[in-house]
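These figures come from a predicted structure and were not determined experimentally. Proteins come first, then strands; the chains are lettered A, B, ... in the order of their sequence lines, and each starts at number 1.
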2 protein chains.
Amino acid sequence: MLLLLQSLAHLGIHLPMITIKDIARELGLSISTVGRALTDHPRISRETKERVQEAAERLGYVANTAARVMRGGSSHLISLLVPDIRSEFYSMVAHILSTGFESEGYHLTLSITDDDPNREMQQMRELMSARVAGVVIVPSANPRRETAEMLSKIPHVQLLRRIASLGDWFGLDDEQAIVDAANHLIGLGHKKIAYIGDNTFPTGKARYKGFRRAMTEAGLKIDDSLVLLGPPELKFGTEAVHKLVQGRKPATAIITGAVLVTLGVAEQLSKLNVKVPNQISIVGFGDGPWQRWWGPGLTTLKLPIEEITTGCALWLLHRLKTSRQQGKDPHIAVSPTTLVIRNSTAAPKSTRVLR
Amino acid sequence: MLLLLQSLAHLGIHLPMITIKDIARELGLSISTVGRALTDHPRISRETKERVQEAAERLGYVANTAARVMRGGSSHLISLLVPDIRSEFYSMVAHILSTGFESEGYHLTLSITDDDPNREMQQMRELMSARVAGVVIVPSANPRRETAEMLSKIPHVQLLRRIASLGDWFGLDDEQAIVDAANHLIGLGHKKIAYIGDNTFPTGKARYKGFRRAMTEAGLKIDDSLVLLGPPELKFGTEAVHKLVQGRKPATAIITGAVLVTLGVAEQLSKLNVKVPNQISIVGFGDGPWQRWWGPGLTTLKLPIEEITTGCALWLLHRLKTSRQQGKDPHIAVSPTTLVIRNSTAAPKSTRVLR
DNA sequence: TTAGCCTGCGCGAACGTTCGCGCAAAATGC
DNA sequence: GCATTTTGCGCGAACGTTCGCGCAGGCTAA
C-alpha cells in the first residue's frame with residue numbers, strides 16, 4: 001500500500017495529504033490523542049507518543065499549517081518588504097533575517113514594493129490575508145495611510161526608513177554620517193565640496209541636513225550650484241556628474257548621499273577619465289564589494305547593516321514572544337556609520353578645477 | 001463603533017479579524033451569500049454584491065487565507081530555495097520571480113539552504129506543511145532522498161543545478177561555456193592554460209569536462225598541475241592563485257569555472273599586483289557589476305540569468321494552471337552563455353612565467 | 001473504607017471559508 | 001393558465017487542527 005502510494009507520487013500524481021485522522025485510524029486511537037501526542041502533551045503516555053511518532057514518520061505525515069492557523073495559532077510566517085531585493089543591502093538583510101528566524105521556527109516571505117506605495121499597500125493586504133505573524137518593512141517614500149493602519153494591527157519593525165506614526169524602528173544616524181564625511185574632507189583642506197544626494201526620502205533629507213551642518217560649523221559657504229538633489233537612483237548620479245562638469249564649477253571634492261547615486265557617480269567619473277583623488281576627491285555612501293575594486297579604492301561610509309538587521313530580528317522575535325502591545329515603549333535604535341578611508345580622498349592638490 | 005475599533009488599533013491592540021460572518025450579520029444576509037458575493041458568483045444579484053463590497057471595505061475585511069487553503073484551495077504561495085540570497089545571481093532570481101508571480105496572484109517566500117542538505121530538507125518540510133502551491137529550487141550538492149520525494153509531490157522547477165530523478169529544469173550549457181572560454185584563449189595563441197574550478201557540483205564537473213574537451217580538440221596537452229579543482233568558494237580561488245604562483249608553473253592564462261572562484265582569483269591577482277593581461281590572461285565565470293570595474297575589465301562568461309529565470313517562472317505558472325502531472329513531458333531548457341570580451345585577455349606576450 | 005487526586009484517553013465544538021443542494025419566487029415558454 | 005426554467009438566496013457539511021471538558025481506572029491519604 002505504502003509502496004503503491006510512493007510509486008504514484010513518483011509519477012507526479014498529487015496525493016491527498018496524510019492527516020492526524022489517518023494516523024488515528026492506523027493506530028486505533030482518537031484524533032485528539034494523536035494530536036496531543038504530536039504536540040508532546042503531558043497527559044499522553046510516553047508509549048503512545050512513541051507509537052504515534054513512528055506512524056507519523058512512516059506515513060509521511062506533515063502538519064497542515066493552514067488548519068493550525070485557523071484555530072487561532074500563528075502562521076509562523078514573517079514577511080520582509082523591501083523596495084528591491086537586488087540591492088546588496090536588502091539581500092544581506094534578507095539573508096540575515098531568513099537564517100535568524102529559521103532557528104526560532106519562523107519562515108521568511110519576501111515582498112518587493114519597488115518603492116511604489118500602491119504596490120506596497122497591495123502586498124500588505126496579502127500579508128494580512130495570510131495572517132503573517134510579523135513584518136519587517138523598509139517603507140516606501142510616501143506610504144499610503146492604509147499601509148500604516150494595517151501595520152499597526154500586527155507586530156512589525158521598520159528598517160532604515162521610517163513611518164513616523166509607527167513605533168519600532170532600526171535606522172542609521174543619517175545626519176551624522178554625512179557630517180563625518182564632510183569633516184573628513186574639510187580636515188584634508190577642501191573648501192569647495194559638492195553634494196550629490198537624495199531629497200525624496202526623510203533619510204535623504206537628514207543626510208543633506210548633515211552636509212549643511214558640517215559646512216556651516218566649519219565656517220564654509222555652501223555653493224548652491226554644487227548641491228545636486230534628486231532621486232536616489234544610479235541615473236541621477238551619472239547625470240549629476242555631467243551637470244557638475246558642464247557647470248565648470250570649482251569643486252575639489254564630492255560627497256554622495258545615497259548608495260545608488262554613489263555607484264552612478266563613480267561609474268561616470270571612471271568613464272570621463274577623471275583622476276581620483278588628483279583632480280577630485282570623493283566620499284561615497286555605503287560600503288560593499290565593488291567599492292574596493294573601484295579606481296584607487298573608494299573612501300566611503302560603511303553602514304552597519306548586519307548590526308541593525310540582527311537587532312531588528314531579535315526585537316521582532318521579542319515582540320512575538322511577549323506579544324505585548326505594540327506602540328508601548330517603542331524601540332528606536334539609531335546606529336552610527338563608519339568612515340572607511342581608502343584612496344579616493346586626498347588634500348586638494350591646488351585650486352584645480354574639475355572639467 | 002468603527003471609530004472605537006480604529007483607535008484601539010492605533011494603540012496597538014490586536015483586534016479579532018473581521019470575517020464574512022460579521023458582514024453577514026451587518027447586512028442581514030447569510031454567510032454563504034456573502035461568501036459568494038465576494039467571489040463574484042453568478043447566482044448573486046448585482047445589488048447584493050455591491051452592498052457586500054461596500055460593507056467589506058467599510059469594516060476592513062481581509063479574507064482568511066488559511067481557511068481558504070484548508071478548504072482545499074491553493075495557498076498561492078510559491079517558494080524559492082537558494083543556497084545564499086546575497087549572491088547577485090540569486091537575488092536577481094528572487095526579484096524576477098517575486099515581481100513575475102505577483103502579477104499572477106502568487107506570493108514568493110524565501111528559503112535559504114546554505115547548500116546544506118539537511119537544512120534544505122528541513123525547509124522543504126516546512127513548505128510541505130505550509131502547502132505551498134509550487135517551488136523553485138536551486139538544489140544543493142547532495143540533496144537528501146526525502147527532499148526529492150517531497151519535491152516530486154508538488155509542482156516545482158529546478159534552476160541551474162539539477163536532481164536527475166526530477167523532471168523540469170532550467171539550466172546553463174555549462175560544458176559549452178568553458179569550451180567557448182578556452183577557444184577564445186586558444187585563438188589568442190595560449191597553450192599553457194590553467195583551470196581553476198569546482199568539482200563538487202554536477203555543473204562544475206560539466207564545466208571541467210568542457211575545459212578538457214576544448215584542449216583536446218585543439219590538440220593541446222593538459223598540464224594537471226595547472227588544473228586546480230575545489231569547492232566553488234571565494235577562499236578556494238585565492239588559495240588556488242597562491243598554489244599557481246608557488247608552483248612556478250608556466251601558465252599564460254587562467255579560466256575560472258565558478259562565480260565565487262572568479263572573485264577570489266581576481267582579488268588575489270590584484271593583491272599580488274599581477275599585470276593583467278600582460279603577465280597572464282584570465283577569463284571569468286559570470287558577469288555582473290564588479291567585473292566591469294576590476295582592473296582592465298574582466299573578460300567573462302555572461303550568464304543569461306534573466307532569461308532562464310523568466311522561463312522558469314512562466315513554466316511553473318503553466319504547470320500550476322494546467323495542473324497536469326509533473327514528470328510527463330518534462331521541460332528541460334539549456335541556455336547558452338555569452339563570452340563578453342574585455343581587456344583581461346590578450347595574446348601571450350612571450351613565454352613569460354607567472355611568478 | 002471513602003473521599004479526593006492523578007493518569008490516560010475520547011468526545012465534540014470551534015476556527016473561516018467554500019460549495020452542493022434545496023427552495024421559494026420570478027420569469028419564461030407553449 | 002399551467003409547466004418549466006431561471007434567479008436569488010439559505011442551510012449545513014466539510015477541510016485539519018486544537019483544546020476544554022468529561023470519564024473511567026488506579027492511586028494516595030485520612
Exercise for the section: Please name the residue in the list B:Ile78, B:Leu108, B:Val93 that meets the side chain to side chain contact (heavy atoms under 4.5 Å, CB included) test with B:Ser98. Expected result: B:Leu108
Problem - Nucleotide nearest A:Arg43 when distance is taken to its side chain, options D:dT17, C:dG10, C:dG8 - result: C:dG8
Handout entry: Axis deviation across the helix from C:dT1-D:dA30 to C:dC30-D:dG1, five-pair ends, to the nearest 10°
Key = 30°
Completion exercise
Rounded to whole Å, CG of B:Leu27 lies from P of D:dG8 at a distance of 17 Å
Problem - Distance test, side-chain N/O of B:Ser30 to OP1/OP2 of D:dG10, below 4.0 Å - result: yes
Practice task
Please state how far atom CG in A:Asp22 lies from atom P in D:dG16, giving the value in whole angstrom units.
Solution key: 8 Å
Completion exercise
5'-most contact on DNA chain C (nearest-nucleotide basis), A:Arg46 vs B:Gly35, goes to A:Arg46
Handout entry: Derivation and outcome, side-chain contact (heavy atoms from CB on, under 4.5 Å), residues A:Leu127 and A:Leu81
Key = CA-CA 10 Å; A:Leu127 299 180; A:Leu81 285 100; 3.5 Å; yes
Handout entry: Side chain A:Ser32 and base C:dC11 donor-acceptor under 3.5 Å
Key = yes
Exercise for the section: Figure out the CG/P separation between A:Leu29 and C:dC11, and round it to whole Å. Expected result: 11 Å
Fill in the blank from the handout: Taken to the nearest whole Å, CD1/B:Ile23 to P/D:dG10 is 14 Å
Practice task
Answer yes or no: does a side-chain N or O of A:Arg68 lie under 4.0 Å from OP1 or OP2 of D:dG16?
Solution key: no
Handout entry: Contact under 4.0 Å: B:Lys21 side-chain N or O vs C:dC15 OP1/OP2
Key = yes
Exercise for the section: Describe the nucleic acid contact of A:Ala66 in one word from base, sugar-phosphate, nothing, applying a heavy-atom distance below 4.0 Å. Expected result: nothing
Practice task
Please report, rounded to the nearest Å, how far the P atom of C:dC9 is from the CG atom of A:Leu38.
Solution key: 14 Å
Handout entry: Heavy-atom donor-acceptor pair, A:Thr309 side chain to A:Ile305 backbone, under 3.5 Å
Key = yes
Exercise for the section: Say whether, by atom type as modelled, one donor and one acceptor occur between the side chain of B:Thr113 and the main chain of B:Asp116 under 3.5 angstrom. Expected result: no
Problem - N/O donor-acceptor pair under 3.5 Å between B:Gln123 side chain and B:Ile112 backbone - result: yes
Problem - A:Met70 CE to D:dT18 C1', straight-line distance once rounded to whole Å - result: 11 Å
Handout entry: Under-4.0 Å side-chain N/O to phosphate OP1/OP2 contact, A:Thr33 with C:dC9
Key = no
Practice task
For B:Ile31 and C:dG20, give me the distance from atom CD1 to atom P, rounded to whole Å.
Solution key: 18 Å
Handout entry: Residue-phosphate contact under 4.0 Å: A:Ser45 side-chain N/O, C:dC9 OP1/OP2
Key = yes
Practice task
Give the intermediate values and the outcome of salt bridge (charged side-chain N to carboxylate O under 4.0 Å, His left out) for residues B:Asp115 and B:Arg161.
Solution key: CA-CA 12 Å; B:Asp115 262 333; B:Arg161 302 178 191 162; 2.7 Å; yes
Problem - Side-chain N,O (A:Thr48) to OP1/OP2 (C:dC9) below 4.0 Å - result: yes
Handout entry: Interatomic distance where NE2 belongs to A:His41 and C1' belongs to D:dT17 [whole Å]
Key = 14 Å
Problem - Pair B:Phe101-B:His76, ring pair (Phe, Tyr, Trp, His ring centres under 6.0 Å): steps then yes or no - result: CA-CA 9 Å; B:Phe101 288 151; B:His76 285 249; over 10 Å; no
Exercise for the section: Look at the side chain of B:Arg36 against the base of C:dG20 and say whether a donor-acceptor pair falls under 3.5 Å; ignore hydrogens and angles. Expected result: yes
Practice task
Can you check whether any acceptor in the base of D:dG20 is under 3.5 Å from a donor in the side chain of A:Arg71, or vice versa?
Solution key: no
Practice task
Output, in order, the C-alpha distance, side-chain angles, deciding distance and verdict of salt bridge (charged side-chain N to carboxylate O under 4.0 Å, His left out) for A:Arg144 and A:Glu149.
Solution key: CA-CA 9 Å; A:Arg144 295 270 176 156; A:Glu149 276 173 10; over 6 Å; no
